[in-house]
Amino acid sequence: MASNLEQIANWIRRRDLQSVYEAGAGHVGGEMSVIDILTALYFRILSVNPEQPQDPDRDRLVLSKGHTANALYVVLAKRGFIPQDEISTFLKPMSRLNGHPNRTKVPGIETNTGPLGHGLPVAVGMAKAAKLDKAAWRTFVITGDGEMQEGSNWEAIMAAAQFGLDNLTLIIDHNRLQQGARLLDTNNLAPFAPKLEAFGWAVEEIDGHDMDAICAALSSETVVKGKPKCVVAHTNKGQGISFMSDNVAWHHKVPDSVQYEQAMKELEGTAS
Ligand SMILES: Cc1ncc(C[n+]2csc(CCOP(=O)(O)OP(=O)(O)O)c2C)c(N)n1
Ligand SMILES: [Mg+2]
């Protein structure tokens, strides 16, 4: 029997896939890899209130890999920030659910992302602001592993350590694939852990599809005083769907009707 969080993640996977299929666009591979992490955050870890999305004391989540916006929209809808009916407007004219998240349009979105390499620097600013205010809220940021090739991230990593931002958690969605290629064949940054440790961060490596492991790594109890934390989440691009999983072709490919039916059938099978 799947846990409550796993059941929620399964619902989100199916709704995400349906939305991408109906819109005829999206980034389904990277969405499937990050959905377990987003589910654990919004349904267990983050102190947020859909009734008060601007509460100054809320925890902040920055989805730096903004191309997987649809996964965040589905999570925000399931959590009550936006109506669930609205998911079907994804990418439609006049919809606020654009291909990349926009903080001025969608409640619960903390910052605009899409150009890779910007979310972590912004999150460092947020965490520093909380420190200056002596506020207790935490900042979480999710980057892709390919995204970590952006040099701006490494400047932010240095600053976070210098500032002692133990209220900041970086989650690297380490699915080993970027757009159209494996990291291994482009600019392979793996292993991430020793690099982050060398920059003065506390690092934990987890299975990014194991809910218990995700929740433990993100819990405030595992924060290391005085150090920002990096969780290297080992994931699969296309997780849950056999023909997409770990397959470079499925960065932003859209399934045809036969593939869609098969994928839905496989996801139904993981629900319990
Ligand atoms: C600065 C910048 N360059 C290029 C792109 C186009 N782009 C979108 S997603 C992507 C690959 C990202 O790979 P990764 O960070 O590993 O994400 P994931 O595997 O989780 O989809 C690229 C190159 C972009 N959004 N921003
Ligand atoms: Mg990747």
Side-chain angles (χ1 to χ4, degrees), residues 9 12-13 16-17 19-20 23 25-41 61-75 90-91 97-103 109 111-123 140-157 169-193 195-196 205-209 214 230-241 243-255 263:
I12 292 165
R13 276 199 168 80
D16 180 281
L17 183 70
S19 176
V20 168
H27 289 84
V28 72
E31 283 159 12
M32 295 301 141
S33 85
V34 81
I35 280 173
D36 294 319
I37 296 163
L38 285 174
T39 302
L41 280 164
L61 180 277
V62 174
L63 181 66
S64 191
K65 40 172 277 184
H67 55 287
T68 57
N70 190 48
L72 183 55
Y73 299 147
V74 178
V75 170
F90 177 55
L91 298 181
L97 306 186
N98 306 151
H100 297 86
N102 187 318
R103 63 179 288 279
I109 303 284
T111 192
N112 298 13
T113 50
L116 298 167
H118 292 273
L120 178 57
V122 171
F140 297 83
V141 50
I142 306 173
T143 63
D145 50 1
E147 180 182 4
M148 291 303 293
Q149 294 164 353
E150 298 284 350
S152 49
N153 285 322
W154 297 93
E155 293 183 39
I157 284 166
T169 301
L170 160 65
I171 305 154
I172 302 176
D173 182 352
H174 190 13
N175 56 29
R176 305 172 307 284
L177 305 182
Q178 52 191 76
Q179 182 172 341
R182 295 188 167 270
L183 259 69
L184 202 61
D185 299 324
T186 53
N187 182 357
N188 191 20
L189 288 164
F192 284 99
K195 296 182 179 68
L196 270 292
E205 297 202 63
I206 59 164
D207 174 346
H209 300 302
I214 301 168
C230 174
V231 176
V232 181
H234 294 274
T235 55
N236 289 309
K237 216 157 166 164
Q239 172 74 8
I241 303 165
F243 59 93
M244 291 187 192
S245 185
D246 199 35
N247 184 340
V248 123
W250 285 94
H251 177 72
H252 57 355
K253 196 170 140 160
V254 177

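We count residues from 1, following the sequence as given. Start at 1 and go down the list; that is how both ligands and their atoms are numbered.
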Query raised in the report: What's the shortest distance from atom 11 (C) of ligand 1 to any protein heavy atom, and which residue and atom give it?
Result: Gln179 N, 3.5 Å
Proximal candidate to [atom] [heavy atom criterion; set [options]]:
atom	options	result
atom 18 (P) of ligand 1	His251, Lys237, Gln178	Lys237
atom 15 (O) of ligand 1	Glu147, Met148, Arg182, Gln149	Glu147
atom 16 (O) of ligand 1	Val34, Asp145, Ile172	Asp145
atom 21 (O) of ligand 1	His252, His100, Glu31, His67	His67

Requested in this report: Might you work through the salt bridge (Lys or Arg N to Asp or Glu O under 4.0 Å) test for Lys237 and Asp173, ending with a clear yes or no?
Outcome: CA-CA 9 Å; Lys237 216 157 166 164; Asp173 182 352; over 6 Å; no
Report task. Answer yes or no for Glu150: is there a heavy-atom contact with ligand 1 below 4.0 Å? Result -> yes
Report task. Check whether any heavy atom of Gly114 sits under 4.0 Å from an atom of ligand 1. Result -> yes
Report task. Using ring pair (Phe, Tyr, Trp, His ring centres under 6.0 Å) as the criterion, list what pairs up with His251, not counting sequence neighbours. Result -> His27, His67
Distance check, rounded to the nearest 0.5 Å: [X] atom [atom1] versus [Y] atom [atom2]?
X	Y	atom1	atom2	result
Ile142	Ile172	CD1	CD1	11.5 Å
Asp145	Asn175	CG	CG	4.5 Å
Leu61	Leu72	CG	CG	6.5 Å

Checking contacts here: is it the side chain or the backbone of [X] that comes within 4.0 Å of ligand 1, counting heavy atoms only? Could be both or neither.
X	answer
Lys65	side chain
Leu116	both
Leu183	neither

Report task. Could you say whether the N/O atoms of Gly30 and ligand 1 ever approach to under 3.5 Å? Result -> no
Query raised in the report: Is Gly146 close to ligand 1, meaning an N/O of one under 3.5 Å from an N/O of the other?
Result: yes
Requested in this report: Heavy atoms only: give me the nearest Ser64-Glu147 pair and the separation to one decimal.
Outcome: OG-OE2, 2.6 Å
Requested in this report: Before giving the answer on salt bridge (Lys or Arg N to Asp or Glu O under 4.0 Å), spell out for Arg176 and Asp246 the whole-Å C-alpha distance, their side-chain angles and the decisive distance to 0.1 Å.
Outcome: CA-CA 8 Å; Arg176 305 172 307 284; Asp246 199 35; 3.0 Å; yes
**Report entry** Proximal atoms of ligand 1 relative to Asn175 (non-hydrogen, under 4.0 Å)
**Finding:** 18 (P), 19 (O), 20 (O)
Report task. Find all atoms of ligand 1 within a distance of less than 4.0 Å from any non-hydrogen atom belonging to Pro115, and give their numbers and elements. Result -> 26 (N)
Query - Stepwise side chain to side chain contact (heavy atoms under 4.5 Å, CB included) check, Met32 with Trp250 - result: CA-CA 10 Å; Met32 295 301 141; Trp250 285 94; over 6 Å; no
Query raised in the report: Do Leu41 and Ile171 come close enough that some side-chain heavy atom pair is under 4.5 Å?
Result: yes
Requested in this report: Any chance you could lay out the side chain to side chain contact (heavy atoms under 4.5 Å, CB included) test for Leu17 and Val28, step after step, and finish with the verdict?
Outcome: CA-CA 7 Å; Leu17 183 70; Val28 72; 3.7 Å; yes
Query raised in the report: Aromatic rings His174 and His234: how do their planes relate, parallel, tilted or perpendicular, breaks at 30° and 60°?
Result: tilted
Report task. Determine whether more than 12 heavy atoms belonging to other residues, nucleotides or ligands lie under 6.0 Å from atom CZ of Arg182. Result -> yes
Query raised in the report: Excluding waters, which protein N, O or S atoms are within less than 2.8 Å of the Mg ion (ligand 2)?
Result: Asp145 OD1, Asn175 OD1, Leu177 O
Requested in this report: Would you sort out whether Val74 and Asn70 count as a side chain to side chain contact (heavy atoms under 4.5 Å, CB included), showing the intermediate values?
Outcome: CA-CA 6 Å; Val74 178; Asn70 190 48; 4.2 Å; yes
